S.K.: 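The structure is given below, and queries will be raised subsequently.
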Amino acid sequence: MRKIKKVLCILLALLMLLGVSACKTKEKLVEIVLADFENWAPDFQLLRVPSNFGRVTRNDDPAYVKSGSYSAKIEALGGFSTKTEPTVMIPTNSGKFQFDYTDFRWYKSVKLSIYSEKAGAVVRVGLNAGDGIDIYGGDLVMKTAYTLEQGWNDITYEVVPSLIELTKRTRYINGVSLCFDNAKSRDFEDAGVFYVDDVLLLKRSEPAEAEDLFAKNPLSPYEICDFEKFYQPYLIRTSAEPQPDISVTGAVEGVNGTIRPTSGNLMLRMLLKAGQTDGYDGRLNYIIFPSKLMELAFKDLTYEDVQIGYLRFNIYSNGASATTFYTHFYKKSGGLGPGFDKATISGQWITYSIALKDLMAGGIFVRTYNEETKQYVFTIDMGELQILYREFAGTDREFYFDNFRLEV
């Protein structure tokens, strides 16, 4: 019953964020065509299609056109050796074609129609967010998976500024990306085949203002992230190939019995996907906690706290081979701080523990003496926390993370 109540509370909080209210007057929205694929320029010409994506072509078979005369045919492969996720980006701005839709405070949702040749295929929709206008897009945020039926599927992807603002700026959305499963093949006969049509932006009558979710739902004392707050999964982004599956869950049945959160009712599940290379020849993949979160968690620490305190979090390996996770700290002012590593043990929770005083050597904490005031000055220069793991071959590996915290 407690778990049901917890899930209901999270759903209610999300509904409040999305502005769902029976008493609220329905907002008038204007449809803006981002891409309908009726013309080569700008729709096909502007698409960002990586070299290992597969193929995007113009389709004129009316059986695979939602409206008009054409749609985009997508044959998704992805990198064979690197197992990259095939991703195509539709830019939201162009100097040549004189449009700029990057300020997503103005847009309530993105709508699109996608035809899937088979039921059960998955498309993931996300927004490319930068710190300014960026033709390459920037980091992918608010990535949402949709399981498709065979035939046409109408998708409405909600834009939630409060969640975007946790890590990026809603006014600098440089593209809408569609991500597909890697085909694990170089042959187009094995590619996932989709048709995309009518990609629309639903414009508001006035820009939405983002709530400060950290202020509305503040961290508990000494908490970094325990995954109990509904917005916390959206804090985490990854830079990995292949991309891991990330979700928040309660207790689950594992290989060696029930896996329960070490704190509260929820924990983070990460299914890391196997690549091609094992060991030190494999690429490094990143799980990133944003500097905004880390600053808030560390801001009240004193020099005395740092001398005795620890940063700790828990990892559970659900039957996976021993895997080493590397922890790197970045300074907000720029530059890499110190790094640490620890290997997992299959079938049990381990505690990853870092003495805070060890961060002083890397410049995260600085204590200087002011000759004028004759006092010591203690400053904190905390940026991103990155958890790294190396690419591995073989089978996928499942891990659970919980209770990122400070102990002083």
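Values below: every heavy atom of this structure, side chains too, minus hydrogens, waters and symmetry copies. Just so we're clear, the structure is a prediction, and the values are computed from it rather than from any experiment.
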S.K.: Indicate yes or no: at least one non-hydrogen side-chain atom of Pro290 is less than 4.5 angstrom from one of Leu166.
M.R.: no

S.K.: Answer whether the closest heavy-atom distance between the side chains of Val306 and Phe378 falls below 4.5 Å.
M.R.: yes

S.K.: Considering non-hydrogen atoms only, spot the tightest contact between Ser321 and Thr344 and give its length.
M.R.: O-OG1, 4.1 Å

S.K.: Is the backbone of Asn265 close enough, under 3.5 Å, to the side chain of Glu228 for a donor and an acceptor to pair up by distance?
M.R.: yes

S.K.: Between Arg105 (side chain) and Asp103 (backbone), is there a donor-acceptor pair under 3.5 Å?
M.R.: no

S.K.: Looking only at heavy atoms, which two atoms of Leu272 and Pro244 are closest? And how far apart?
M.R.: CD2-CB, 3.8 Å

S.K.: Hey, does the side chain of Tyr330 reach the backbone of Met382 with a donor-acceptor pair shorter than 3.5 angstrom?
M.R.: no

S.K.: Considering non-hydrogen atoms only, spot the tightest contact between Arg204 and Val159 and give its length.
M.R.: NH2-O, 4.0 Å

S.K.: Under 3.5 Å, is there a donor-acceptor pair linking the side chains of Glu384 and Ser291?
M.R.: no

S.K.: Thr327 and Lys342: side chain to side chain contact (heavy atoms under 4.5 Å, CB included), yes or no, with the steps?
M.R.: CA-CA 9 Å; Thr327 303; Lys342 188 175 180 68; over 6 Å; no

S.K.: Using only heavy-atom distances, determine whether the side chains of Thr92 and Asn174 contain a donor-acceptor pair under 3.5 Å.
M.R.: no

S.K.: Which heavy atom of Gly363 sits nearest to which heavy atom of Lys331, and what is that distance?
M.R.: O-CD, 3.6 Å

S.K.: Show, in sequence, the C-alpha distance, side-chain angles and deciding distance for Ser177 and Asn128, and conclude whether the side-chain hydrogen bond (donor to acceptor under 3.5 Å, both in side chains) test is met.
M.R.: CA-CA 7 Å; Ser177 280; Asn128 296 87; 2.6 Å; yes

S.K.: Can you tell me how far apart CD (Glu85) and CD (Gln243) are? Round to the nearest 0.5 Å.
M.R.: 5.5 Å

S.K.: Is the closest side-chain heavy-atom distance between Val30 and Trp106 below 4.5 Å?
M.R.: no

S.K.: Are side-chain heavy atoms of Lys184 and Pro242 found at a separation under 4.5 Å?
M.R.: no

S.K.: Do Asp245 and Lys273 sit within salt-bridge range, that is, some charged N less than 4.0 Å from a carboxylate O?
M.R.: yes

S.K.: Could you tell me how the ring of Phe404 sits relative to the ring of Phe401: parallel (under 30°), tilted (30 to 60°) or perpendicular (over 60°)?
M.R.: parallel

S.K.: Do NZ/NE/NH1/NH2 and the carboxylate oxygens of Asp139 and Arg237 come within less than 4.0 Å?
M.R.: yes

S.K.: Would one find more than 12 heavy atoms of other residues, nucleotides or ligands at under 6.0 Å from atom NZ of Lys357?
M.R.: no

S.K.: Pairing donors with acceptors under 3.5 angstrom, does anything connect the side chains of Thr323 and Tyr389?
M.R.: no

S.K.: Could you give the distance from CZ (Arg48) to CD1 (Ile90), rounded to the nearest 0.5 Å?
M.R.: 11.5 Å

S.K.: How long is the span from the CD atom in Gln232 to the CG atom in Leu213, to the nearest 0.5 Å?
M.R.: 10.5 Å

S.K.: Ignoring hydrogens and angles, state whether a donor on the side chain of Asn93 or Thr102 is under 3.5 Å from an acceptor on the partner side chain.
M.R.: no

S.K.: Angle between ring planes, Tyr101 versus Tyr107, binned at 30° and 60°: parallel, tilted or perpendicular?
M.R.: perpendicular

S.K.: Students often mix this up, so state it plainly: with edges at 30° and 60°, are the rings of Phe53 and Phe180 parallel, tilted or perpendicular?
M.R.: perpendicular

S.K.: Tell me, yes or no, whether the heavy-atom count around Lys143 atom NZ, taken from other residues, nucleotides or ligands under 6.0 Å, exceeds 12.
M.R.: yes

S.K.: How far apart are the C-alpha atoms of Leu46 and Phe99, what are their side-chain angles, what is the distance that settles it, and do they pass the side chain to side chain contact (heavy atoms under 4.5 Å, CB included) test?
M.R.: CA-CA 12 Å; Leu46 290 180; Phe99 67 85; 3.7 Å; yes

S.K.: Say whether Thr262 and Asp402, considering side chains only, have a donor N or O and an acceptor N or O under 3.5 Å apart.
M.R.: yes

S.K.: With a 4.5 Å cut-off on side-chain heavy atoms, are Leu163 and Tyr231 touching?
M.R.: yes

S.K.: I'd like to know if the side chain of Asn318 reaches the main chain of Phe399, judged simply by a donor and an acceptor atom lying under 3.5 Å from each other, with no hydrogens or angles considered.
M.R.: no

S.K.: Show the nearest heavy-atom pair for residues Ile350 and Ala343, with the distance to one decimal.
M.R.: CD1-O, 3.4 Å

S.K.: Atom CD1 of Ile288 and atom CG of Leu293: how far apart are they, to the nearest 0.5 Å?
M.R.: 13.0 Å

S.K.: Any donor-acceptor pair under 3.5 Å linking the side chain of Asp36 with the backbone of Glu38?
M.R.: yes

S.K.: Run the salt-bridge test on Glu295 and Lys332 with the 4.0 Å N-O cut-off and return the result as yes or no.
M.R.: yes

S.K.: State, yes or no, whether a side-chain contact exists between Tyr157 and Met142 at a heavy-atom distance under 4.5 Å.
M.R.: yes

S.K.: Where the side chain of Ser162 meets the backbone of Glu211, is there a donor-acceptor pair that is under 3.5 Å apart?
M.R.: yes

S.K.: Any sub-3.5 Å donor-acceptor pair from Tyr352's side-chain atoms to Asp341's backbone N or O?
M.R.: yes

S.K.: Side-chain contact, heavy-atom cut-off 4.5 Å: Val366 with Met360?
M.R.: no

S.K.: With a cut-off of 6.0 Å (strictly less than), are more than 12 heavy atoms of other residues, nucleotides or ligands near CD of Glu149?
M.R.: no

S.K.: Give me the atom names and distance for the closest heavy-atom approach of Leu140 to Gly126.
M.R.: CD1-C, 3.7 Å

S.K.: Check whether any side-chain N or O of Ser185 sits under 3.5 Å from a backbone N or O of Asp187 as a donor-acceptor pair, and report yes or no.
M.R.: yes

S.K.: Looking at Lys96, I want to see if its NZ is surrounded by more than 12 non-hydrogen atoms of other residues, nucleotides or ligands under 6.0 Å.
M.R.: no

S.K.: Kindly compute the distance separating CG (Asp300) from CG (Leu406), expressed to the nearest 0.5 Å.
M.R.: 10.5 Å

S.K.: With a sphere of 6.0 Å drawn around CZ of Arg260, does it hold more than 12 non-hydrogen atoms of other residues, nucleotides or ligands?
M.R.: no

S.K.: Please round to the nearest 0.5 Å and tell me the distance separating atom CZ of Arg124 and atom CG of Leu178.
M.R.: 11.0 Å

S.K.: May I ask you to check whether Ser71 and Asn59 show a side-chain donor-acceptor distance below 3.5 Å?
M.R.: yes

S.K.: Let me know which of Val123, Ile155, Leu34 forms a side-chain contact (heavy atoms from CB on, under 4.5 Å) with Leu112.
M.R.: Ile155

S.K.: Does Arg169 qualify as a cation-pi partner of Tyr172, given the criterion of NZ or CZ under 6.0 Å from the six-membered ring centre and within 45 degrees of its axis?
M.R.: no

S.K.: Under a 3.5 Å distance rule, please check whether Asn39 uses its side chain to pair with a backbone N or O of Phe37 as donor and acceptor.
M.R.: no

S.K.: For the pair Ser94 (side chain) and Phe97 (backbone), establish whether a donor and an acceptor sit closer than 3.5 Å, ignoring hydrogens and angles.
M.R.: yes

S.K.: Looking at Glu165 and Lys168, does any basic side-chain N land under 4.0 Å from a carboxylate oxygen?
M.R.: no

S.K.: Can Tyr369 and Gln375 be counted as having a side-chain donor-acceptor contact under 3.5 angstrom?
M.R.: no

S.K.: Pair Lys66, Tyr195 - check side chain to side chain contact (heavy atoms under 4.5 Å, CB included), show working.
M.R.: CA-CA 9 Å; Lys66 184 71 171 181; Tyr195 299 85; over 6 Å; no

S.K.: Could you give me the CA-CA distance, side-chain angles and deciding distance for Met267 and Val248, then say whether side chain to side chain contact (heavy atoms under 4.5 Å, CB included) is met?
M.R.: CA-CA 6 Å; Met267 56 189 173; Val248 169; over 6 Å; no

S.K.: Return yes if a side-chain donor-acceptor contact under 3.5 Å exists between Ser333 and Asp381, otherwise no.
M.R.: yes

S.K.: Less than 4.5 Å apart, any side-chain heavy atom of Tyr234 and any of Thr167?
M.R.: no

